[in-house]
Amino acid sequence: MYEIYTSIEIEAKKEDLWNCLVDFHSYSAWNPFLRKIGIKNLRPHESFWLLVQAPASLPVIMKGMILSIEPQSLLVWRCHLIHPLLLTGIHKLELTETVPCHTLFVHTEQFQGILPPLLWTMIKPRVYKGFESMNKALKQKIEK
């Protein structure tokens, strides 16, 4: 399996983190990895597009669909590059309150398709750094 797993502890209420994560219109102001997300409604089966820019990579536009939502706790989507057979990712944003006003943000993605086995040594470090940069930017935005 091809997977990226990151996490970060953020000094904030789960609700505040959730509100920031689902405010897709503000991503371009703070998010260095997921630069833009175009979505009409946040609900299961909703289609959307996202502009992703991993470090040392050109920006790419991907198409996605919301798979699961648990308000203030979990957001899961599937996205693909050009065609689902080429590269598909299941992206998960999960929030767990550890103690009052402290939340663990877990940010993962599982990859499938033709490209991951061929290019994993190139894909993995770039995407991992992108996730880490997003996590740190979220922490900085919320804790300021």
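What you see is a predicted model; the values in this text were computed from it and never measured. All values below come from the heavy atoms of this structure, side chains included, with hydrogens, waters and symmetry mates left out.
- The two atoms that bring Lys139 and Glu9 nearest to each other are NZ-O, 2.8 Å, heavy atoms only.
- To the nearest 0.5 Å, atom CD1 of residue Ile69 and atom CG of residue Leu42 are 4.0 Å apart.
- Panel note: side chain Tyr27, backbone Leu21; a donor-acceptor pair is recorded below 3.5 Å.
- The hydrophobic clustering, which links ILVMFWY residues whose side-chain heavy atoms are closer than 4.5 Å, places Ile39 and Trp18 together.
- By the criterion of side-chain heavy atoms lying less than 4.5 angstrom apart, applied directly or through intervening Ile, Leu, Val, Met, Phe, Trp or Tyr residues, Tyr5 is not grouped with Val127; the two fall into different hydrophobic clusters.
- A side-chain donor from one of Ser73 and Lys14 sits under 3.5 Å from a side-chain acceptor of the other.
- Contact record, Arg126 with Ser57: CD-OG, 3.1 Å, taken as the closest heavy-atom pair.
- Two residues are said to be in side-chain contact when any heavy atoms from C-beta on lie closer than 4.5 Å; Tyr2 and Lys124 fail this criterion.
- Other residues, nucleotides and ligands place no more than 12 heavy atoms under 6.0 Å from the NZ atom of Lys63.
- Counting heavy-atom neighbours within 6.0 Å of Gln140 CD, excluding the residue itself, gives a total of 12 or less.
- Residues Leu67 and Met62 fall into different hydrophobic clusters, defined by Ile, Leu, Val, Met, Phe, Trp and Tyr side chains chained together at heavy-atom separations under 4.5 Å.
- In this structure, His80 NE2 and Met65 CE are separated by 9.5 Å, a value rounded to the nearest 0.5 Å.
- Among Thr96, Asn135, Thr108, Leu104, the one residue that satisfies the side-chain contact (heavy atoms from CB on, under 4.5 Å) test with Ser7 is Leu104.
- The aromatic rings of His107 and His91 sit tilted, their planes meeting at an angle between 30° and 60°.
- Side-chain atoms of Asn19 come within 3.5 Å of backbone N or O of Glu15 as a donor-acceptor pair.
- The side-chain heavy atoms of Leu95 and Phe105, taken from C-beta on, include a pair separated by under 4.5 Å.
- At a threshold of 4.5 Å between non-hydrogen side-chain atoms, the residues Lys136 and Pro32 do not count as touching.
- Residues Asp23 and His25 meet the side-chain proximity criterion, which asks for heavy atoms closer than 4.5 Å.
- Taking the side chain as every heavy atom from C-beta outward, Cys20 and Lys141 approach each other to under 4.5 Å.
- When the side chains of ILVMFWY residues are joined at heavy-atom separations under 4.5 Å, either directly or via intervening members, Leu115 and Trp120 end up in a single hydrophobic cluster.
- The distance from atom CG of Leu87 to atom CD of Gln112, rounded to the nearest 0.5 Å, is 9.5 Å.
- Separating the OG atom in Ser133 from the CG atom in Leu138 is a distance of 11.0 Å, to the nearest 0.5 Å.
- When all heavy atoms are compared, the tightest approach of Ser28 to Lys36 is CB-CG, 4.4 Å.
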Quiz item: Step by step, would you call Phe48 with Phe24 a side chain to side chain contact (heavy atoms under 4.5 Å, CB included)?
Solution: CA-CA 11 Å; Phe48 65 97; Phe24 301 121; over 6 Å; no
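- Trp30 and Leu93 fall within a single hydrophobic cluster, where Ile, Leu, Val, Met, Phe, Trp and Tyr are joined by side-chain heavy atoms under 4.5 Å apart, directly or via other members.
- Within a 6.0 Å sphere centred on CZ of Arg78, other residues, nucleotides and ligands contribute 12 heavy atoms or fewer.
- No more than 12 heavy atoms of other residues, nucleotides or ligands shown are found within 6.0 angstrom of CG on Leu58.
- For the atom pair Lys92 NZ and Ile4 CD1, the distance stands at 14.5 Å (nearest 0.5 Å).
- A donor-acceptor pair under 3.5 Å is formed between the side chain of Thr103 and the backbone N or O of Ala12.
- Contact record, Pro117 with Gly113: CD-O, 3.3 Å, taken as the closest heavy-atom pair.
- Atoms OG and CD1, from Ser47 and Ile66 in turn, are 9.0 Å apart once rounded to the nearest 0.5 Å.
- Residues Phe33 and Val52 have side chains in contact (heavy-atom distance under 4.5 Å, counting atoms from C-beta outward).
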